[in-house]
Engineer: 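Got a structure for you, written out below as structure tokens; questions coming shortly.
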Amino acid sequence: MVERLRGFRDFYPEEQEIRSDVFRTMKDSCTQFGFKEIDGPSVENVELFANKSGMEIMNQMFSFRDKGEREIALIPELTPTVSRMVAARKDLVKPLKWFSVQKFWRYEEPQSGRTREFYQLNADIIGSESYLADAELISLGAYILKSLGIIGFTKIRVSSRILIDRLIEKYLPGKREEVYYVLDRWSKISQPDRESFVKENGIDLGVLSSFVDGKILEGYDDPELQNLFKIRDFVSSSVGVDIEIDLKIVRGIAYYTGCVFEASDREDKFRSILGGGRYDNVIGQLGGENTPATGFAMGDVVLENIMKSKGLWVHKGGKQIFLAPIDQQGRMYSTRVASVLRSIGLKVDLNVMERGISKQLDYASKMGYEYVVILGEDEAKKKTVSLKILSSGQQKEIPLTGTDELFGAMK
RNA sequence: GCCGGGAUGGGGUAGCGGUGCAUCCUUGGGGACUGUGGAUCCCCGGACCCGGGUUCAAAUCCCGGUCCCGGCCCCA
């Protein structure tokens, strides 16, 4: 048998229906915030990523040469595509609020929270350099976490590269790379490792500690810090979620220019669930007008880990009905009953095996149906249906013309 | 790319050099029961990851590979 490729996943119905619920929740949230859905290609010319993303990303792409000798790659992220789309259209009315849910690919070692093919929700606001755009975007992220029922298990932290750069310039001049590196990994590395790294790189541990705990911000007056305060207040007011200003949030991406943020579970047991920031230079670098932009991405893999750990990875579907004909008259009649029930919006599964009532009930039960409608010669003659409620075993016969009101309440 | 730990029917497992056709549960298909049996009874299907090696003998020991689960790197 041919095996599934490493790092890829199959989704069987019982799994897929949950995924559909989750994606629908995310998309509905975006729509409620006035974001418009977009979609783009699954492959792009590698140059699109080469320019902006650096070496690491090049090594982690599924790239190949096509029949026309073009070097192309399965997209590892959306930002370059979005930027390309914006750069190509000068007539777009700003600001743009766009979102998409689609697949991405990265050739990495699969492990917890990471696969080679995954879905991401991307949301971007393009054309506004105001803190309002960052605040609206973070609000959207918080709203989605709320809609999914996990806001209580997560924390959202925000920072700014402009602010960090100024602080580094003032207190630890010339150590930008090193400070970024150690802040990003602060909670992942041990105390002795921190100290030796700091010592080796000639960084003052006392000053660095005040970055970590935020003491350095006390009494510091800076317009970018004021923006972070405003963002915090905006999010609190718009979605009732408290976010935290934390200088340890630097994000690894080369192209971020201002506000950066991420959401993670409170115990930091998983990878970050959502991450993003401001990328004001990318669209201009791709040949478009200089256009400020901010966005975030949220992957399905970590989300699934967290929701499963909280028992929230479950399907919340409507009632489903199985039609079980027990004889030839019942089979003919069942198509008519199916038609009537479907016309009032119910999900109706019709038996397609010529087998007895026992096996049909067994099947319906294993498939998780709530109701079975038993149909035979008697029902066909009387124009009725026999409704059996599987959870209780109760059964009653009702006229087909009366199904509207009866089943209406089931939806 | 690097480092650990794993791999027995669809799922979960027992066996860890030879003792009956690889154990048990579950799952799947069919039949009987010809309107209540999501029962019962009967029948059937289905596995030692792949390739080498050691040995009289390998699911079992050794080596390599593949895949899975973690971790590093990195996280767009």
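A, B, ... follow the sequence lines: proteins, then strands. Residue 1 opens every chain. This structure is a prediction, so every number in the text was calculated from the model and none was measured.
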Engineer: In whole angstrom, give me the gap between the C1' atoms of B/C74 and B/C61.
Structural biologist: 39 Å
Engineer: Can you tell me how far C1' of B/G38 sits from CD of A/Q320, to the nearest Å?
Structural biologist: 17 Å
Engineer: Sticking with atom P, work out how far B/G5 lies from B/C62, rounded to a whole angstrom.
Structural biologist: 12 Å
Engineer: Taking only Lys NZ, Arg NE, NH1 and NH2, and the carboxylate oxygens of Asp or Glu, determine whether A/D193 and A/K188 approach each other closer than 4.0 Å.
Structural biologist: no
Engineer: Using Watson-Crick or G-U wobble geometry with both distances below 3.5 Å, tell me the partner of B/C72, or none.
Structural biologist: B/G1
Engineer: Take atom CG of A/N351 and atom P of B/G38, then tell me their distance rounded to the nearest Å.
Structural biologist: 16 Å
Engineer: Counting the atoms with a prime plus P, OP1 and OP2 as sugar-phosphate, which does A/M353 contact under 4.0 Å by heavy atoms, base, sugar-phosphate, or nothing?
Structural biologist: sugar-phosphate
Engineer: Would you indicate which nucleotide in B/G31, B/G71, B/C74 comes nearest to any side-chain atom of A/K188?
Structural biologist: B/C74
Engineer: Could you state the CG-C1' distance from A/L5 to B/C67, rounded to the nearest angstrom?
Structural biologist: 11 Å
Engineer: Say you pick atom C1' in B/G51 and the same atom in B/A7; how far apart are they, in whole Å?
Structural biologist: 16 Å
Engineer: Decide yes or no, distance alone: a donor-acceptor N/O pair under 3.5 angstrom between the base of B/G1 and the side-chain of A/Q60.
Structural biologist: no
Engineer: B/C67 phosphate, OP1 or OP2: any side-chain N/O from A/R4 under 4.0 angstrom?
Structural biologist: no
Engineer: At 4.0 Å (heavy atoms only), tell me whether A/Q360 reaches a base, stays on the sugar-phosphate, or touches nothing.
Structural biologist: nothing
Engineer: Under 4.0 Å, counting only non-hydrogen atoms across every strand here, what does A/E262 touch: a base, just sugar-phosphate, or nothing?
Structural biologist: nothing
Engineer: Distance under 6.0 Å and angle within 45° of the ring axis: does A/R116 meet both against A/F8?
Structural biologist: no
Engineer: Establish, with yes or no, whether the OP1 or OP2 oxygen of B/G70 is under 4.0 angstrom from a side-chain nitrogen or oxygen of A/R114.
Structural biologist: no
Engineer: Please report, rounded to the nearest Å, how far the C1' atom of B/G71 is from the CZ atom of A/R185.
Structural biologist: 15 Å
Engineer: Within 45° of the six-membered ring axis of A/Y363 and under 6.0 Å from that ring's centre, is NZ or CZ of A/R355 located there?
Structural biologist: yes
Engineer: Check whether any side-chain heavy atom of A/S42 lies under 4.5 Å from a side-chain heavy atom of A/K103, and answer yes or no.
Structural biologist: no
Engineer: Could you check whether atom CD of A/E169 has more than 12 heavy atoms from other residues, nucleotides or ligands sitting under 6.0 Å from it?
Structural biologist: no
Engineer: Which nucleotide, if any, forms a Watson-Crick or G-U wobble pair with B/G17, using both distances under 3.5 Å?
Structural biologist: none
Engineer: I'd like the C1' distance from B/G1 over to B/G11, given in whole Å.
Structural biologist: 35 Å
Engineer: With nearest nucleotide decided by heavy atoms, which residue, A/G275 or A/E354, maps closer to the 5′ end of RNA chain B?
Structural biologist: A/E354
Engineer: Using the P atoms only, state how far B/G20 lies from B/U36, rounded to an integer number of Å.
Structural biologist: 49 Å
Engineer: Mind checking the C1' distance from B/U8 to B/A14? Whole angstroms is fine.
Structural biologist: 10 Å
Engineer: CZ of A/R9 versus P of B/C68: gap in Å, rounded?
Structural biologist: 12 Å
Engineer: Should A/R161 and A/D165 count as an ion pair when the cut-off is N to O under 4.0 Å?
Structural biologist: no
Engineer: Are any of the side-chain nitrogens in A/E15 or A/R9 under 4.0 Å away from the carboxylate oxygens of its partner?
Structural biologist: no
Engineer: Could you work out the separation of B/C49 and B/G38 based on their P atoms and round it to a whole Å?
Structural biologist: 40 Å
Engineer: Sort out the partner of B/U66 for me: Watson-Crick or G-U wobble, both distances under 3.5 Å, none otherwise.
Structural biologist: B/A7
Engineer: Look at the side-chain N and O atoms of A/K366 and state whether any lies under 4.0 Å from the OP1 or OP2 oxygen of B/G28.
Structural biologist: yes
Engineer: Of the listed nucleotides (B/C75, B/G1, B/C67), which one gets closest to any side-chain atom of A/R6?
Structural biologist: B/C67
Engineer: Can you identify which nucleotide, out of B/G31, B/G38, B/C74, has its nearest atom closest to the A/L361 side chain?
Structural biologist: B/G38
Engineer: Does the structure show a Watson-Crick or G-U wobble partner for B/U40, both distances under 3.5 Å? Name it, or say none.
Structural biologist: B/A32
Engineer: Reckon A/Q120 touches a base, only the sugar-phosphate, or nothing at all at heavy-atom distances under 4.0 Å?
Structural biologist: nothing
Engineer: Given atom CG of A/N122 and atom P of B/C75, what is their separation to the nearest angstrom?
Structural biologist: 17 Å
Engineer: Report the residue (A/S112 or A/F8) whose heavy-atom-nearest nucleotide on RNA chain B is the more 5′ of the two.
Structural biologist: A/F8
Engineer: In whole angstrom, give the distance that lies between atom NZ of A/K269 and atom P of B/G71.
Structural biologist: 13 Å
Engineer: If you check the A/S386 side chain, which of B/U36, B/A39, B/C75 turns out closest?
Structural biologist: B/U36
Engineer: Within the 4.0 Å heavy-atom criterion, would you say A/G295 contacts the bases, only the backbone, or no part of the nucleic acid?
Structural biologist: nothing
Engineer: So, is A/R355 near the phosphate of B/G30, with a side-chain N or O under 4.0 Å from OP1 or OP2?
Structural biologist: yes
Engineer: In this structure, how many angstroms lie between the C1' atom of B/U36 and the CD atom of A/E397, rounded?
Structural biologist: 13 Å
Engineer: Is it true that atom OH of A/Y180 has more than 12 heavy atoms of other residues, nucleotides or ligands lying nearer than 6.0 Å?
Structural biologist: yes
Engineer: Could you tell me how far B/G35 sits from B/C44 if I compare only their C1' atoms? Round to whole Å.
Structural biologist: 28 Å
